[in-house]
Amino acid sequence: MPKTLKIATFNINGVRARLSRLLEWLEEAKPDVVCLQELKAPAESFPEGAIRDAGYGAIWHGQKSWNGVAILARGELPIERRRVLPGDPEDVHSRYIEADVRGLVVGCLYLPNGNPAPGPKFDYKLRWFDRLHAHAGDLLKSRAPVVLAGDYNVMPTDLDVYAPERWRDDALFRPEVRDAYANLLAQGWTDALRTMHPGERIYTFWDYFRNAFARNAGLRIDHLLLSPALAPALRAAGVDCHARAKEKPSDHAPTWVTLTV
DNA sequence: ATGCCTATTATTAATAGA
């Protein structure tokens, strides 16, 4: 019997400061699976109880002050597959977690920002992208239904930026990172939002500065990539922009797909 | 070229974000 699954990614920008925003969005949007980024909390401070009371099982990889990723599943506990992106034992940032959930493999990622570019942070971003490319290739070889969802910190094309010229030299838009994203897609991944809405201006992030949300000065940097096994199941995709208009919001909005599996 | 705004951490200023 086919059923519909709603999978979302949401850079929460502080899971403690944003807990009420998260809970009200879960209640309203009722996603089946949620990938969270930027928990900005050590593991022991993750609000597991409140999230469980909202009906979601969770696994998370926390870190003091920065980064941090989690996977939530409605009515069940995601089965963790890994909590590190392979390829660099020296990398201690909590930026990747992966689980089996609802018959899918779900990878939740928070790609490094990379500014200022050029520089060591940009180099780290490019190396992280290389490691993601390698791991994503391994996932494809398994032929499993996979979703790679998260904050990629990349605007793939000019259509994904409110003012492309102002962002040319930024670590989120430089040719190196756009090429890296294109090379990832070329493995066979489907960018769900862009596939469902070709030619449309869609943003997932608006700066806190300069009244950016009211001016719709946004960026599309949160992406859901579907493996070939899963791409035919894609039914709808969107961004819950209204969440960005609330009191004390994250600077990102929840971004989601529905799949018939 | 830089600040704007925000969360976190450590003590009212620094850091990182994008």
Side-chain angles (χ1 to χ4, degrees), chain A residues 9-23 25 35-47 50 60-70 91-96 108-126 128-129 132 149-178 180-181 193 201-223 239 241 243-255:
Chain A
T9 181
F10 188 9
N11 180 319
I12 196 74
N13 190 15
V15 71
R16 289 171 291 178
R18 217 72 66 199
L19 183 59
S20 58
R21 293 290 86 84
L22 174 63
L23 295 176
W25 172 74
C35 295
L36 296 178
Q37 303 86 34
E38 280 210 86
L39 304 179
K40 289 185 168 180
E44 63 271 20
S45 299
F46 184 80
W60 63 96
H61 185 188
Q63 178 182 336
K64 193 169 102 172
S65 301
W66 297 302
N67 309 316
V69 285
D91 182 7
V92 295
H93 290 197
S94 51
R95 295 182 176 275
Y96 190 79
C108 170
L109 64 103
Y110 176 44
L111 217 132
N113 175 302
N115 276 306
K121 290 187 175 181
F122 191 63
D123 296 340
Y124 172 57
K125 180 176 195 168
L126 295 180
W128 210 93
F129 232 133
L132 179 61
D151 178 356
Y152 283 72
N153 269 316
V154 181
M155 296 85 88
T157 72
D158 283 8
L159 187 59
D160 304 306
V161 196
Y162 69 98
E165 295 314 319
R166 289 189 191 182
W167 288 83
R168 292 281 174 223
D169 292 326
D170 191 276
L172 280 69
F173 200 48
R174 284 175 64 105
E176 298 94 321
V177 295
R178 281 185 284 130
Y181 187 82
L193 271 283
R201 288 207 167 269
I202 303 170
Y203 302 134
T204 66
F205 165 90
W206 298 262
D207 216 307
Y208 288 124
F209 308 160
R210 304 184 215 92
N211 209 21
F213 183 64
R215 296 187 295 121
N216 198 27
L219 310 173
R220 189 174 76 96
I221 55 178
D222 300 277
H223 308 299
V239 181
C241 298
R244 182 64 179 79
K246 300 235 178 191
E247 192 88 2
K248 288 271 176 191
S250 170
D251 40 7
H252 297 248
T255 304

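By convention in this document, chain letters (A, B, ...) are assigned in the order of the sequence lines, proteins followed by strands, and residues within each chain are numbered from 1.
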>> Both atom distances under 3.5 Å, Watson-Crick or G-U wobble: I'd like the secondary structure of DNA chain B as a dot-bracket string, with | for pairs made across strands.
In response: ....(((((...))))).
> Does A/Lys125 have a side-chain nitrogen or oxygen under 4.0 Å from the phosphate oxygens OP1 or OP2 of B/dG17?
Replying inline: no
>> Nearest whole Å is fine: how far is B/dT6 P from A/His252 NE2?
In response: 14 Å
>> Rounding to an integer number of angstrom, what distance separates B/dT6 and B/dT11 when you compare their P atoms?
In response: 24 Å
>> Nearest whole Å is fine: how far is B/dT6 C1' from A/Leu19 CG?
In response: 17 Å
> According to a strict under-4.0 Å criterion, is A/Arg18 in side-chain N/O contact with OP1 or OP2 of B/dA7?
Replying inline: yes
> Is any side-chain N or O of A/Arg215 closer than 4.0 Å to OP1 or OP2 of B/dC4?
Replying inline: no
> Taking CD1 from A/Ile12 and P from B/dG17, how many angstroms apart are they, rounded to a whole number?
Replying inline: 18 Å
> OH of A/Tyr110 versus P of B/dA16: gap in Å, rounded?
Replying inline: 12 Å
> Using 30° and 60° as the class limits, which term best fits the ring planes of A/His223 and A/Tyr181: parallel, tilted or perpendicular?
Replying inline: tilted
> Under the 5.5 Å and 30° test, is A/Phe209 stacked on the base of B/dC4?
Replying inline: yes
>> What is the distance, to the nearest angstrom, from the CD atom on A/Glu38 to the P atom on B/dT6?
In response: 15 Å
> Does A/Lys248 place a side-chain N or O at less than 4.0 Å from the phosphate oxygens OP1/OP2 of B/dC5?
Replying inline: no
> Say you pick atom P in B/dA7 and the same atom in B/dT2; how far apart are they, in whole Å?
Replying inline: 25 Å
> When the distance from CG of A/Asn115 to P of B/dG17 is rounded to whole Å, what number comes out?
Replying inline: 9 Å
> Considering only the P atoms, how many Å lie between B/dC4 and B/dT9, rounded to the nearest integer?
Replying inline: 23 Å
> Which whole number of Å gives the distance between the C1' atom of B/dT8 and that of B/dT12?
Replying inline: 14 Å
>> Taking only the P atom of each, what is the distance from B/dC5 to B/dA1 in whole angstrom?
In response: 22 Å
> Whole-Å distance between B/dG17 C1' and A/Gln63 CD?
Replying inline: 14 Å
> What is the distance from CG of A/Asp170 to C1' of B/dG17, rounded to the nearest Å?
Replying inline: 11 Å
